[in-house]
Amino acid sequence: MQRQVRTRYAPSPTGYMHVGNLRTALYEYLIAKSQGGKFILRIEDTDQERYVEGAVDVIYKTLKLCGLRHDEGPDIGGPYGPYVQSERKNLYKPYAEELVKNGHAYYCFCSKERLDALRAEAEAKNQTFMYDRHCLNLSQAEIEEKLKSGVPYVIRQKMPREGTTSFEDAVYGTITIENNMLEDQILIKSDGLPTYNFANVIDDHLMNITHVVRGSEYLTSTPKYNLLYKAFGWEIPVYVHLPLIVKPDGSKISKRKGDATFEDLLKMGYLVEAIVNFIALLGWSPDSNQEIFTLAELEKAFNIKHISKSPSSFDMDKLTWFNAQHIRTMSPEKFHELALPYLKEAITNEDIDLSKVSRILQNRTEVLTEIPSKVGFLNELCDYDLNIYVHKKMKTTLENSLTSLKEALPVLEAIDEWNETTIHDSLMSLIERLGIKNGQMLWPIRTAITGWEVTPGGAIEIADILGKAETLRRIKVGIERLEKAVSA
RNA sequence: GGCCCCAUGGUCAAGAGGUUAAGACACGGCCCUUUCAAGGCCGUAACGGGGGUUCGAGUCCCCCUGGGGUCACCA
């Protein structure tokens, strides 16, 4: 019988979420959900020096926002709790002691000072430092005496010195490492807490994790974990190591270098759905050519087989494209809801129907934050350069622009019920009557009522949004200014 | 530096010995068109190098080069 798939996202609470971490969470979630399994959240906070206030909330918030609902976790509990390592602290040491008993681990009383000195010495000789097993050969009596007199100690894993250790990775295949490269790593720190290296093995086993999914930076330390599983006689999980996400220049993404975190991207106007969609495809590809995915679709389409091995770079242009795609496919109502805060910030003119503005904006918005810069002309008509009336392709000049505006004015004035249809019909019949190109009428009007060379929406849409009075007023301003310029 | 991993256009990537080497982003052009978008069509652009294996190699092997990761009482 196949065991139910269980994956775990095990972040350490650092206070922010960078995109690599988020993608790891996403893949863990997808691996579980694509196989009807469970997705578990576990907080790895064994490093007390790194404690950050509120950091766990960032994790909850992000997962929730992205729709990555965990089935078990600190906040919702579950049959394998507690799900915070610091709350499990008393549970690890007995396992380490068991290892000491059966010869796979040993007490080490070496001081930090001694270790630092050794390290410095090795460095001076340009050698890689590795613990010298100074405490491995302590007699039983010595050990007991030191323990009794309270000398601080750690427990180290005893590595084999010869041979190699191999493991199977679901994406990288067989990885083999020489055992003499493995240091006798610390399992239990002198503060009594386990290291990540130890705790993750114990917890993954105790929590019945079937697929260990994490970044490829853990690839070389995985043999150490396997040796631990073997020492305990435990079943080894399926390993799924993920390629890194790097910056365009190939270097690693890091908060310290100011690279955008998930939170930053949201502030920059990117949608959660677009971010999730984009990072899902950074390192994984579906069977089809489909690019736009909802989370639900990803849950169906995801498979480990198509996870790639090489690192991929985070391309903002493509993220922007995904964002634009998601914006275009959402309902006008939904877009309006998202655009509203930005519109309220940018549009002070209370006569403007903001939902109409949203409508002309939806296909012209790639990132929400660019909205304010597109709608300023709705507030007031600013002074503009008359040369924008002259447009080669529209075949407009100052003279014929003036004519068009003068012709349009009474026609527009005559409209009783002011809406896109009536404006459109009136203007079109005028154009027909005058026998001119659409552009020769519509370009000058748009120019006159916006004062901008480029605007979202055309003359008719904008006239409707502005309302009859304001439209006529602005056209009159245009006529006045053009008359002055032409007669001069 | 030792060890591990990776290598298809600028970027994301398909490709599991025989293909005109997909598709997407970006870029360029054209069409549509009342500006700008959106949309449609077309185009520029890739198997890092060298050896093998094979009738045949982007696909398999080796070397080189390049990139990344890792070598903590961090995770």
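Every value quoted in this text rests on a predicted model; they were computed, and no experiment measured them. Naming convention: chains lettered A, B, ... in sequence-line order (proteins, then strands); numbering from 1 in each chain.
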Report all interatomic pairs (protein N or O, nucleotide N or O of nucleotides 7-11 of chain B) with separations under 3.5 Å.
from	atom 1	to	atom 2	distance (Å)
U11(B)	O3'	S313(A)	OG	3.2

Check nucleotides 38-48 of chain B against the protein and report each pair of N or O atoms closer than 3.5 Å, with its distance, or say if there are none.
from	atom 1	to	atom 2	distance (Å)
G39(B)	OP1	R328(A)	NH1	3.4

Item to check | Nearest-Å distance once atom C1' is located in both U70(B) and A13(B) | outcome: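 Here U70(B) and A13(B) have their C1' atoms 27 Å from each other.
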
What N/O pairs connect the protein and nucleotides 59-68 of chain B at under 3.5 Å? Give each pair on its own line.
none

Next on the checklist: Please verify the inter-ring angle class for F322(A) with F278(A); under 30° counts as parallel, over 60° as perpendicular, anything in between as tilted.
Outcome noted: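 Answer is tilted, since the angle falls between 30° and 60°.
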
Checklist entry - So is R8(A) actually on top of Y83(A)'s ring, under 6.0 Å and inside 45° of the axis? => result no

Checklist entry - So, is the end of the R23(A) side chain (NZ or CZ) under 6.0 Å from the ring centre of Y27(A) and within 45° of the ring's axis? => result yes

Next on the checklist: I need the OH-P distance between Y131(A) and C73(B), as an integer number of Å.
Outcome noted: 11 Å

Next on the checklist: In this structure, how many angstroms lie between the C1' atom of U34(B) and the CD1 atom of I449(A), rounded?
Outcome noted: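 Rounded to the whole Å, the gap is 11 Å.
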
Next on the checklist: Testing the 3.5 Å rule here: is there a donor-acceptor pair between the side chains of T403(A) and N400(A)?
Outcome noted: no

Item to check | Residue pairs involving residues 163-186 of chain A (criterion ring pair (Phe, Tyr, Trp, His ring centres under 6.0 Å); sequence neighbours excluded) | outcome: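 Passing the test, one end in residues 163-186 of chain A: F167(A)-Y239(A).
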
Next on the checklist: For K158(A), is the NZ atom crowded, meaning more than 12 foreign heavy atoms sit under 6.0 Å from it?
Outcome noted: no

Checklist entry - Does E123(A) CD have over 12 foreign heavy atoms under 6.0 Å away? => result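 No, CD of E123(A) has 12 or fewer neighbouring heavy atoms, counting only those of other groups under 6.0 Å.
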
Given [N], is OP1 or OP2 found less than 4.0 Å from the side-chain N or O atoms of [X]?
X       : N      : answer
S308(A) : C6(B)  : no
K374(A) : A37(B) : no
H241(A) : G69(B) : no
R114(A) : C73(B) : no

So what's [N] paired with, Watson-Crick or G-U wobble, going by both distances under 3.5 Å?
N      : answer
C41(B) : G29(B)
U11(B) : A24(B)
G66(B) : C6(B)

Item to check | Contact residues, residues 279-289 of chain A to RNA chain B [heavy atom, < 4.0 Å] | outcome: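 Heavy-atom cutoff 4.0 Å gives L281(A), L282(A), G283(A), S285(A), N289(A).
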
Item to check | Residue pairs passing the salt bridge (Lys or Arg N to Asp or Glu O under 4.0 Å) test where at least one lies in residues 419-430 of chain A, sequence neighbours excluded | outcome: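 Only R359(A)-E420(A) qualify under salt bridge (Lys or Arg N to Asp or Glu O under 4.0 Å).
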
Checklist entry - Quick one: the side chain of T220(A) and the base of G69(B), do they pair up donor-acceptor inside 3.5 Å? => result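 No, the side chain and the base share no sub-3.5 Å donor-acceptor pair.
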
Item to check | Spacing of R133(A) atom CZ and Y131(A) atom OH [to the nearest 0.5 Å] | outcome: 10.0 Å

